[in-house]
Amino acid sequence: MSGCWPFVGRLFRCAGLCCYEGYGGLCSVRLSQPLLKLRPRRDLVQTLLHEMIHAFLFVTQNNKDHDAHGPEFHKHMDRINRSAGTKITVYHSFHDEVNEYRQHWWQ
């Protein structure tokens with residue numbers, strides 16, 4: 001999986017990130033190796049799908065707002081959840097992991 005989607009070793013606060021790269025509608029999805037490496041596979045898949053919705057909205061509507069979880073985002077999230085049986089959410093629930101890395105980062 002890491003050959004297809006770059007894992008970021010220093011991404012601690014969010015499980016994934018959609019990065020918008022210059023002109024031409026290019027973007028990439030980056031996933032947090034520290035937060036996802038010990039989580040169940042479904043968390044990785046749902047995080048990837050979440051970021052892919054952001055990428056889709058960027059490519060199709062030029063939506064560059066990283067915090068854009070508005071009606072269009074919810075429409076696609078709900079559609080995918082219904083059709084694939086996933087549980088994509090707006091925010092992750094990996095708070096214990098984030099707090100653990102936050103403590104070690106500042107020491």
Side-chain angles (χ1 to χ4, degrees):
M1 185 62 100
S2 64
C4 297
W5 303 102
F7 282 90
V8 179
R10 297 196 102 158
L11 191 58
F12 297 115
R13 289 181 7 160
C14 54
L17 186 63
C18 182
C19 301
Y20 312 112
E21 300 170 359
Y23 299 102
L26 298 177
C27 60
S28 64
V29 170
R30 299 186 183 152
L31 301 174
S32 170
Q33 183 178 24
L35 291 182
L36 293 170
K37 69 181 175 183
L38 300 176
R39 303 290 305 185
R41 185 174 187 275
R42 76 173 176 274
D43 291 342
L44 178 125
V45 170
Q46 291 173 169
T47 299
L48 179 57
L49 289 169
H50 174 109
E51 298 307 329
M52 290 174 73
I53 295 169
H54 283 298
F56 176 78
L57 292 175
F58 170 69
V59 170
T60 60
Q61 299 177 10
N62 199 30
N63 184 335
K64 297 179 185 177
D65 185 358
H66 289 281
D67 295 322
H69 296 113
E72 279 298 304
F73 185 94
H74 279 268
K75 178 178 86 175
H76 293 291
M77 180 181 74
D78 293 341
R79 178 181 54 81
I80 294 168
N81 283 340
R82 277 192 313 274
S83 66
T86 55
K87 295 181 181 174
I88 305 165
T89 59
V90 172
Y91 299 107
H92 69 73
S93 60
F94 316 150
H95 305 295
D96 292 340
E97 290 88 341
V98 170
N99 289 336
E100 183 69 22
Y101 281 111
R102 187 176 289 150
Q103 289 173 357
H104 292 296
W105 180 256
W106 294 109
Q107 291 180 350

Worksheet, complete the sentence: So CZ of Arg82 and CE of Met77: to nearest 0.5 Å the spacing works out to 10.0 Å
Worksheet, complete the sentence: One should read off an interatomic distance between Phe58 CZ and Cys19 SG, to the nearest 0.5 angstrom, of 11.0 Å
Worksheet item: Do Leu57 and His76 touch side chain to side chain, with heavy atoms closer than 4.5 Å?
Response: yes
Worksheet item: What distance separates His50 NE2 from Leu17 CG, expressed to the nearest 0.5 Å?
Response: 9.5 Å
Worksheet entry | Non-neighbouring partners of Lys75 that pass salt bridge (Lys or Arg N to Asp or Glu O under 4.0 Å), sequence neighbours left out | Glu72
Fill in: Partner set under side chain to side chain donor-acceptor pair (under 3.5 Å) for Asn81, not counting sequence neighbours
Thr86
Practice prompt. Could you verify whether a donor N or O on one side chain and an acceptor N or O on the other, from His54 and His69, lie under 3.5 Å apart?
Written response: yes
Worksheet, complete the sentence: When rounded to the nearest 0.5 Å, the distance separating CZ of Arg41 from CD of Gln46 is 11.0 Å
Discussion item. To check you understand the geometry: which heavy-atom pair defines the closest contact between Val59 and Cys27, and what is its length?
Written reply: CG2-SG, 4.2 Å
Worksheet item: What pairs with Pro40 under side-chain contact (heavy atoms from CB on, under 4.5 Å), at least two apart in sequence or on another chain?
Response: Arg42, Asp43
Worksheet entry | From CD1 (Ile53) to CD1 (Ile88), nearest 0.5 Å | 4.5 Å
